[in-house]
Peer 1: 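Structure in structure tokens, see below.
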Amino acid sequence: MNKDIIEKYMKIAIEEAEKSKENGENPFGAVLLDPEYNFCHKSQTRCIELSDPTAHAETLVIREYCKKINSVYLKDYILICSGEPCILCSGAIRWAKIGKIYYSVPQEAINKASGGKLKPSCDSLINCGSSKKEIYGNILLEEGLKVFEDYEFTPQDERKKAGDNHE
């Protein structure tokens, strides 16, 4: 692991999470790197904006980059996430064959911030078959946790799209 490169891109993932929060979305961001650790794509959660419950930062970064390169696999690519991938995102990561996953905030801390129930770890979901991916957590944890300060998780259907002033 190249710590300096991972931390550089984790900061970008956390910045994407901040932007997502500013846009009224759940605060998550993701960055995709190629197997040589070169930047490929970044995204933030956009569920409300796109009216798509699957538009999590991780699924979007995978979807958008796969479309760009016309491939369904990102074998051995590297995904940097501001939060530990959820069940949905872990499935997308597994099916895209991403090789390494780095995240800042673990599910346990996300659940504490959201008041939600404990979810399965991304490791248990991504590595449930014969292929094993490298997963590293708690990267820049304090910076990642700051995104959740003063953020209240509310159901998505109770939030408005950015710029939507309808009462």
Peer 1: Nearest 0.5 Å, what's the CG-NZ distance between L140 and K146?
Peer 2: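 Result: 10.5 Å between the selected atoms.
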Peer 1: Taking the side chain as every heavy atom from C-beta outward, state whether I101 and P85 have any atom pair closer than 4.5 Å.
Peer 2: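 With C-beta onward as the side chain, the pair touches.
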Peer 1: Checking side chain to side chain contact (heavy atoms under 4.5 Å, CB included) for the pair H56/L88: CA distance, chi angles, key distance, verdict?
Peer 2: CA-CA 9 Å; H56 294 194; L88 170 78; 3.7 Å; yes
Peer 1: With a 4.0 Å cut-off on N to O distance, would you call D52 and R63 a salt bridge?
Peer 2: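 R63 and D52: salt-bridged.
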Peer 1: For the atom pair SG (C122) and CZ (R94), what is the distance rounded to the nearest 0.5 Å?
Peer 2: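 Interatomic distance, C122 SG to R94 CZ, rounded to 0.5 Å: 13.0 Å.
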Peer 1: Does a side-chain heavy-atom distance below 4.5 Å link I14 with S82?
Peer 2: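 They are in contact (side-chain heavy atoms under 4.5 Å apart), so the answer is yes.
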Peer 1: Any donor-acceptor pair under 3.5 Å linking the side chain of T45 with the backbone of S20?
Peer 2: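 No, the answer is negative, given that no donor and acceptor are paired below the 3.5 Å cut-off.
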Peer 1: Within the 4.5 Å heavy-atom criterion, are E58 and L79 side-chain neighbours or not?
Peer 2: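 E58 reaches L79 side chain to side chain.
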Peer 1: Is there side-chain contact between S121 and Q107, with at least one heavy-atom pair below 4.5 Å?
Peer 2: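 No, every pair of side-chain atoms sits at 4.5 Å or beyond.
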Peer 1: How far does CD1 of I98 sit from CD1 of I126, to the nearest 0.5 angstrom?
Peer 2: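 Spacing of CD1 (I98) from CD1 (I126) equals 8.0 Å.
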Peer 1: Tell me whether I5 shares a hydrophobic cluster with I80, the cluster being built from Ile, Leu, Val, Met, Phe, Trp, Tyr side chains joined at under 4.5 Å.
Peer 2: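 Same cluster: I5 reaches I80 through Ile, Leu, Val, Met, Phe, Trp or Tyr contacts under 4.5 Å.
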Peer 1: Check whether the side chains of K8 and Y37 place a donor and an acceptor atom closer than 3.5 Å, and report yes or no.
Peer 2: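 Distance-only check fails for K8 and Y37.
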Peer 1: With distance as the sole test, does D76 use its side chain to make a donor-acceptor pair with the main-chain N or O of G99 at under 3.5 Å?
Peer 2: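 No; judged by distance alone, with no hydrogens or angles, the pair does not exist.
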Peer 1: Step by step, work out the side chain to side chain contact (heavy atoms under 4.5 Å, CB included) result for E25 and Q44.
Peer 2: CA-CA 9 Å; E25 302 277 1; Q44 57 191 259; 5.8 Å; no
Peer 1: State, yes or no, whether a side-chain contact exists between T59 and I93 at a heavy-atom distance under 4.5 Å.
Peer 2: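 No. Closest side-chain heavy atoms not under 4.5 Å.
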Peer 1: With a 6.0 Å cut-off on ring centres, are F148 and F28 close enough?
Peer 2: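 Between F148 and F28, the centre distance is under 6.0 Å.
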Peer 1: Rounded to the nearest 0.5 Å, what's the gap from OG on S114 to CZ on F153? Could you check?
Peer 2: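 These two atoms lie 5.5 Å from each other.
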Peer 1: Do NZ/NE/NH1/NH2 and the carboxylate oxygens of E7 and K3 come within less than 4.0 Å?
Peer 2: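 Looking at E7 and K3, the cut-off is met.
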Peer 1: Do V31 and F39 have side-chain heavy atoms sitting under 4.5 Å apart?
Peer 2: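 Yes; the side chains approach each other to less than 4.5 Å.
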Peer 1: Taking C-beta and beyond as the side chain, do K42 and L32 meet within less than 4.5 Å on heavy atoms?
Peer 2: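 No; the side chains remain at least 4.5 Å from each other.
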Peer 1: Please lay out, stage by stage, how Y102 and M10 fare under the test side chain to side chain contact (heavy atoms under 4.5 Å, CB included).
Peer 2: CA-CA 8 Å; Y102 297 88; M10 183 61 74; 4.3 Å; yes
Peer 1: Looking only at non-hydrogen atoms, find the nearest pair between A13 and C81 and report the distance.
Peer 2: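 Looks like CB-C, 4.3 Å.
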Peer 1: Mind listing the closest non-hydrogen atom pair of P106 and L141 along with its distance?
Peer 2: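 What the structure gives for the nearest pair is CD-CD1, 3.7 Å.
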Peer 1: Going hydrophobic residue to hydrophobic residue with side-chain gaps under 4.5 angstrom, can you get from I69 over to L60?
Peer 2: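 Shared cluster, no.
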Peer 1: Check for a donor-acceptor pair, side chain of S90 on one end and backbone N or O of C86 on the other, with a separation under 3.5 Å.
Peer 2: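 Present.
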Peer 1: Taking everything shown except K119 itself, do over 12 heavy atoms lie less than 6.0 Å from its NZ?
Peer 2: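 More than 12 heavy atoms, drawn from other residues, nucleotides or ligands, come within 6.0 Å of this atom.
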Peer 1: Among the clusters formed by ILVMFWY side chains lying less than 4.5 Å apart, do I135 and Y77 turn up in the same one?
Peer 2: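 Yes: a chain of side-chain contacts under 4.5 Å links I135 to Y77.
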Peer 1: Can you name the closest pair of heavy atoms from G144 and S104 and give their distance?
Peer 2: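 Smallest heavy-atom distance, with atoms named: CA-OG, 3.4 Å.
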Peer 1: Quick check: are there more than 12 heavy atoms from other residues, nucleotides or ligands sitting under 6.0 Å from CG of D150?
Peer 2: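 Atom CG in D150 is not packed in, count stays at 12 or less.
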Peer 1: Quick check for you: to the nearest 0.5 Å, what is the distance between L74 atom CG and S71 atom OG?
Peer 2: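 L74 atom CG to S71 atom OG measures 6.0 Å (nearest 0.5 Å).
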Peer 1: Going by heavy atoms in the side chains, are L33 and C40 under 4.5 Å from each other?
Peer 2: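 A side-chain contact is absent here, since even the closest heavy-atom pair is not under 4.5 Å.
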Peer 1: Looking at E16, E22, E15, which hits side chain to side chain donor-acceptor pair (under 3.5 Å) with K19?
Peer 2: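 Going through E16, E22, E15 one by one, the side chain to side chain donor-acceptor pair (under 3.5 Å) with K19 is satisfied by E16 alone.
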Peer 1: Decide whether I12 and I139 are clustered together by the hydrophobic rule: side chain heavy atoms of Ile, Leu, Val, Met, Phe, Trp, Tyr closer than 4.5 Å, transitively.
Peer 2: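 Yes; tracing contacts between hydrophobic side chains, which count when under 4.5 Å, links both residues.
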Peer 1: Is the charged tip of K21 near the ring of Y151: under 6.0 Å from the six-membered ring centre and within 45° of its axis?
Peer 2: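 That pair does not qualify as a cation-pi contact.
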Peer 1: Please walk me through it: do I78 and D34 pass side chain to side chain contact (heavy atoms under 4.5 Å, CB included)?
Peer 2: CA-CA 6 Å; I78 299 142; D34 72 16; 5.9 Å; no
Peer 1: Following the transitive rule for hydrophobic clusters with a side-chain heavy-atom cut-off under 4.5 Å over Ile, Leu, Val, Met, Phe, Trp and Tyr, establish whether V61 and I6 coincide in one cluster.
Peer 2: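 V61 and I6: separate clusters.
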